[in-house]
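Heavy atoms only: backbone and side chains are in, while hydrogens, waters and symmetry mates are out. So you know, we letter chains A, B, ... as the sequences are listed, proteins then strands, and number each from 1.
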There are 2 protein chains.
Amino acid sequence: MSREIRRTMPLLSMSIVMQLTELSARQIRYYEEHHLIEPHRTEGNRRMFSLNDVDTLLEVKDYLEQGMNMAKIKKIFAKKKNPVATTDEQDLSDSELRQIMREEMRQAQRMQKSSIRRGDLSRFY
Amino acid sequence: MSREIRRTMPLLSMSIVMQLTELSARQIRYYEEHHLIEPHRTEGNRRMFSLNDVDTLLEVKDYLEQGMNMAKIKKIFAKKKNPVATTDEQDLSDSELRQIMREEMRQAQRMQKSSIRRGDLSRFY
DNA sequence: CAACCATGTAAGGTTATCTAACATGGTTGG
DNA sequence: CCAACCATGTTAGATAACCTTACATGGTTG
């Protein structure tokens, strides 16, 4: 009889995620194309997102707004998944690493509290 | 920059709530008809439920399974909202009160942890 | 046993989402 | 400087998911 809402549960429809992240459907689908998220699908093929997906999207959005491109963002997420990725070619530059650390801090704060930035919540009242 | 997910945020579509509660759409709409919940509506008139709505629905479901009827359930929720309802007619019987207390305990436990019973979550893995 | 209660189900209509394709403005490397 | 690419917009056509309304139904119950 526990009742945790798992951050991996696919609870959210496209329109809600658009509101939570302030991204367009096109953007969200594009990021999925690049495997930054992999939302579940209903039987009828509709995307269903988890809170983790929303967090990832917010992180991607921040990176893009800081001028990063998809390629670098993908590297960052790859490195997160497998920190010992000695396999790949050139590493991330110093300034890039600084950007990432900065974003990591924000992300950590997000995680600590609960799930969505206040600015985004105001849309629901 | 807080990030709480409010229990009152209308995040969830009908199909997800059906899965979370194991109620049919008909049942959920019927309970809404009786004002036990009042989900938000999108511009296009789709219902959007909050986590609080889900909790209420689970509570209603428990009461019904215990053999209560809508009338009594409505009274319970009315009394919850306004405990000093000296206005209305006859009170709830002793056995009813015992049922309610029992359910209150469960509900309290639910609230304490997080949001959905484990049995319900398993459907999402 | 007539009436009601909670739910199922069907019909017909609308909205939200899907994929695929093409359009476009902003970089950027040669 | 411009050709190519990148991230995103937009459109079209299809369909899944949701809506309301209405009628059907089995289980209580006065």
Side-chain angles (χ1 to χ4, degrees), chain A residues 10-50 53-54 56-77 90 93 96 123-124, chain B residues 10-50 53-54 56-77 90 93 95-96 123:
Chain A
L11 293 173
L12 309 174
S13 64
M14 175 58 85
S15 53
I16 287 295
V17 172
M18 290 171 63
Q19 294 179 74
L20 289 174
T21 62
E22 288 183 305
L23 292 167
S24 70
R26 181 66 166 97
Q27 288 175 301
I28 293 169
R29 294 191 193 111
Y30 184 67
Y31 305 153
E32 177 186 8
E33 242 176 68
H34 284 270
H35 306 288
L36 298 178
I37 55 174
E38 310 219 343
H40 278 229
R41 297 290 184 130
T42 65
E43 283 191 11
N45 200 35
R46 266 82 222 276
R47 273 169 264 257
M48 293 302 296
F49 303 85
S50 69
D53 290 331
V54 172
T56 300
L57 289 172
L58 289 172
E59 195 176 344
V60 169
K61 190 184 179 192
D62 277 346
Y63 287 145
L64 283 169
E65 283 169 355
Q66 288 173 24
M68 252 181 241
N69 62 15
M70 282 284 119
K72 273 174 199 161
I73 294 175
K74 279 160 107 169
K75 265 192 224 161
I76 292 172
F77 280 99
Q90 79 283 14
S93 79
E96 276 160 20
R123 262 162 284 144
F124 290 94
Chain B
L11 293 174
L12 309 174
S13 65
M14 174 60 85
S15 53
I16 287 295
V17 172
M18 290 171 65
Q19 294 179 71
L20 289 173
T21 61
E22 286 181 310
L23 293 168
S24 69
R26 181 67 164 96
Q27 287 175 303
I28 293 169
R29 294 192 193 111
Y30 185 67
Y31 306 152
E32 178 185 6
E33 241 174 69
H34 285 269
H35 306 288
L36 298 177
I37 54 173
E38 310 219 343
H40 277 228
R41 298 291 184 129
T42 66
E43 284 191 11
N45 201 33
R46 266 84 217 278
R47 273 169 263 254
M48 294 301 297
F49 302 85
S50 69
D53 290 331
V54 172
T56 299
L57 288 171
L58 288 172
E59 194 176 345
V60 169
K61 189 185 179 191
D62 278 345
Y63 287 144
L64 283 169
E65 282 169 357
Q66 287 172 28
M68 253 183 237
N69 62 17
M70 283 283 119
K72 275 173 197 161
I73 294 174
K74 281 161 106 168
K75 263 192 225 160
I76 292 172
F77 281 99
Q90 80 282 14
S93 80
S95 71
E96 278 161 16
R123 263 163 282 144

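Partners of B:Ser50 by side chain to side chain contact (heavy atoms under 4.5 Å, CB included), not counting sequence neighbours, listed by chain and number: B:Asn52, B:Asp53.
Of the residues listed (A:Thr56, A:Ile16, A:Leu57), the one engaging A:Thr21 in a side chain to side chain contact (heavy atoms under 4.5 Å, CB included) is A:Leu57, and it is the only one.
Rounded to whole angstrom, the span from the CE atom of A:Met14 across to the C1' atom of D:dA17 amounts to 15 Å. One atom, NZ of B:Lys72, and another, P of C:dA6, lie 11 Å apart when rounded to the nearest Å. Put simply, CE on B:Met18 is 14 Å from C1' on D:dA16, counting in whole angstrom units.
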> Does the side-chain contact (heavy atoms from CB on, under 4.5 Å) test come out yes or no for B:Leu36 and B:Met70, once each step is laid out?
Replying inline: CA-CA 9 Å; B:Leu36 298 177; B:Met70 283 283 119; 4.1 Å; yes

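The side chain of A:Ser15 has C:dA16 as its nearest neighbour among C:dA16, D:dT8, C:dT7.
The shortest distance between the side-chain N/O atoms of B:Ser13 and the OP1/OP2 oxygens of D:dA17 is not below 4.0 Å. Taking 4.0 angstrom as the limit, B:Arg47 places a side-chain polar atom (N or O) nearer than this to OP1 or OP2 of D:dC19. Residue B:Thr42 has a polar side-chain atom (N or O) positioned under 4.0 Å from OP1 or OP2 of C:dA16.
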Tabulated below should be each protein N or O lying under 3.5 Å from an N or O of nucleotides 27-30 of chain D; please produce it.
none

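For D:dC19, its base never sits under 3.5 Å from the side chain of B:Arg46 at any donor and acceptor pair.
Of the residues in residues 28-38 of chain B, B:Tyr30, B:Tyr31 come within less than 4.0 Å of DNA chain C through at least one heavy atom, sorted by number.
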